[in-house]
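Report on one structure; see the data block that follows.
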Amino acid sequence: MRKYGWLAAGGAGAALFYVLFAHHTLARVWVDEPNYTQSGLNYLHGDLAMNPEHPPLAKYILGLWQLVAGEGPLPCRLLMGALVACTCMAMWWLLKPTTGPTAAMATAFAWGLMPRMFQGEDRIDRFVSLDVFMVMFLIAGIAFTWHWYLRGGLWRIAVAGVLIGAAAMCKLTALLAVPALFVLVPPPRRHSAPGARRTWGSTLVGMAVFTLGAAVVCVASLWPFGVIDGVRRMFELQSSHNALGQTITLHGSVYGSAPWWATFAYAWESLGLLPSVALVGGSLLCWTLVHNRLVAVLTVQLMTIVGFLCWSHVALPHYVLDWAWIPTILMGLGVWSATGAGETAIRWVQPLTLVVVAMLGSAVQTIIHVATMTPHGIQLIPALVSQGPLPEGKTLVMSVPDWQSAPASIQNIAVDDRAESITSIVVGHDQGHPPTSALSTFLANLPADVRHITVDDVELYLLPAPLQQTNGVLSLRR
């Protein structure tokens, strides 16, 4: 039996490695990826002006990584894979004292192989994202806090503080998970637990050490920006962004700011049926069968983070990564409890089977997605433009979704149809950012010698002569 267990773990490990690192260059570049990677390089050279709305730690790490692996988003995607692997290990470390190593490992693999799609393009954590850093540090910090609760030891709570501080210095959303940790302040009731020997005095010392560790990381990260000024500017920018909202498109409708249910709509689009069934079913099993303080901490964190995102006027597809790890851990605890010996296991065999089959199916879904990835859409444009009648001119790019960044290989990009020397046009189908009326009119009355090519979800027009605008009307300069 142990032999088959090792074979299963080896197979899952190989699948995880493949999902994290295979075909990492094939997805289109998300517009925030060059923003974060360039910020990291700029910070290392003393230019702190870029991306001030987010804390700097993740960008420092991205800058350092690029000194080793090369500049740009694509080399940094390898780092994202390594961070997800570290997140899986942190999840295993968190669950091991409660479930044992096997169930903890199964939960970690479930997280690593779960589909978390971004705009139907690729998994969120295969793109360069601050959220990947935050989740890794946050789960590791919660794990050390849980171990301190069970076993005591100032060094554990000190490490927990450093890790939670690091999570907050990657993305401020991590702060929402902190209040729930107060559930772990009172010592365990079981006198056999080493943590039960904690007195209230030593508990207060532990809280002070935790706070000190977090403060050191925060101050060190923000020091180049001016600690107080840096914090004030971040909160001002975030508050302004929330007050103004952000235009999003959901189910074909455009919203000037996110409705409260956008968080759940994006979660459904990102996760899909099988992971949703597994997470909801597994969490219900956990809440029914497992009653300990870890479940209480995770439940409060889930309510706090999701509640805040529903309240916020800004909702984006990748925010699902900020909280989906919580029901994954709850699912692991629920499955572990439902597989207990005796009549309890028989009673829960049907929901348990449903959760396990759904999770296995979603893992297969992720592997198939990565295995079948190919370049598509706007990635194919540069080669087609180079074969056009006027390959040296500018390419007008309009109505392409905000999340996409035009490939660096497209030379001389224009985003204004009044620009000179436009010889090719790329138009997407983003309802929130339609083409100008002048361009729409031109495309509706397209000259016969303009070559029109549909490339997946974008339209390419190769012009036989440069585009010109006269009195608001576009035409070809013959």
Side-chain angles (χ1 to χ4, degrees), residues 27-32 34 118-122 244-259 262 265-266 269 315-317 374-478:
R28 288 174 282 192
V29 174
W30 173 32
V31 70
D32 278 352
F118 180 73
Q119 300 285 8
E121 179 76 11
D122 199 2
L244 295 173
Q246 180 163 333
T247 301
I248 60 173
T249 302
L250 279 172
H251 307 308
S253 299
V254 179
Y255 298 87
S257 62
Y266 278 137
E269 289 181 1
L316 296 172
T374 55
H376 59 288
I378 202 169
Q379 293 171 296
L380 303 176
I381 295 298
L384 294 171
V385 169
S386 67
Q387 299 168 13
L390 299 171
E392 301 302 322
K394 293 180 180 178
T395 299
L396 176 64
V397 179
M398 298 195 78
S399 200
V400 172
D402 277 350
W403 69 267
Q404 292 184 31
S405 179
S409 51
I410 297 182
Q411 303 296 322
N412 300 321
I413 290 177
V415 294
D416 188 335
D417 55 16
R418 294 169 295 182
E420 295 290 330
S421 305
I422 293 173
T423 57
S424 56
I425 304 171
V426 175
V427 181
H429 299 278
D430 184 6
Q431 293 174 303
H433 301 84
T436 63
S437 58
L439 182 60
S440 297
T441 302
F442 174 78
L443 296 178
N445 301 280
L446 205 63
D449 53 350
V450 173
R451 185 180 175 195
H452 175 206
I453 307 171
T454 299
V455 187
D456 298 320
D457 57 352
V458 295
E459 309 296 326
L460 171 64
Y461 301 88
L462 299 174
L463 309 181
L467 194 68
Q468 65 178 3
Q469 186 172 127
T470 306
N471 298 325
V473 177
L474 291 174
S475 61
L476 297 179
R477 186 187 303 134
R478 300 288 187 175

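Residue Ile248 comes nearest to Ala315 through the heavy atom pair CG2-O, 3.5 Å, listed as atom of the first residue, atom of the second, then distance. The two atoms that bring His452 and Glu459 nearest to each other are NE2-OE1, 2.7 Å, heavy atoms only. Listed here is the closest heavy atom pair of Thr423 and Pro466: CG2-CA, 4.3 Å. Nearest heavy atom pair, residue Pro464 against residue Asp449, reads CG-OD2, 3.4 Å. Minimum heavy-atom separation, Leu462 to Ser424: CD2-CB, 4.0 Å.
Atom OH of Tyr461 is separated from atom CG of Leu446 by 6.5 Å, given to the nearest 0.5 angstrom. The CG atom of Leu439 sits 6.0 Å away from atom CE of Met398, with the distance rounded to the nearest 0.5 Å. To the nearest 0.5 angstrom, Leu463 atom CG is 12.5 Å from Arg451 atom CZ. The CG atom of Asp457 sits 8.0 Å away from the CD atom of Glu121 when rounded to the nearest 0.5 Å. Taking CD1 from Ile422 and CD from Gln468, the interatomic distance works out to 11.5 Å, rounded to the nearest 0.5 Å. Within the model, atoms CD of Gln469 and CZ of Arg477 stand 12.0 Å from one another, a figure rounded to the nearest 0.5 Å.
Side-chain contact between Val426 and Leu396 is absent, with no heavy-atom pair separated by less than 4.5 Å. Between Ser399 and His429 there is no side-chain heavy-atom pair separated by less than 4.5 Å. A 4.5 Å side-chain heavy-atom check between Leu474 and Thr441 finds every atom pair outside the cut-off.
Exactly one of Thr436, Ile425, Asp417 qualifies for a side-chain contact (heavy atoms from CB on, under 4.5 Å) with Phe442. That residue is Ile425.
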Problem set entry | Residues Val458, Val427; criterion side chain to side chain contact (heavy atoms under 4.5 Å, CB included); working and verdict | CA-CA 6 Å; Val458 295; Val427 181; over 6 Å; no

Problem set entry | side chain to side chain contact (heavy atoms under 4.5 Å, CB included) evaluation trace for Glu269 with Leu250 | CA-CA 10 Å; Glu269 289 181 1; Leu250 279 172; 4.1 Å; yes

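Open room surrounds CZ on Arg418; 12 or fewer heavy atoms of other groups in view lie less than 6.0 Å from it.
Relative orientation of the Trp30 and Phe118 rings is tilted, given thresholds of 30° and 60° on the angle between their planes.
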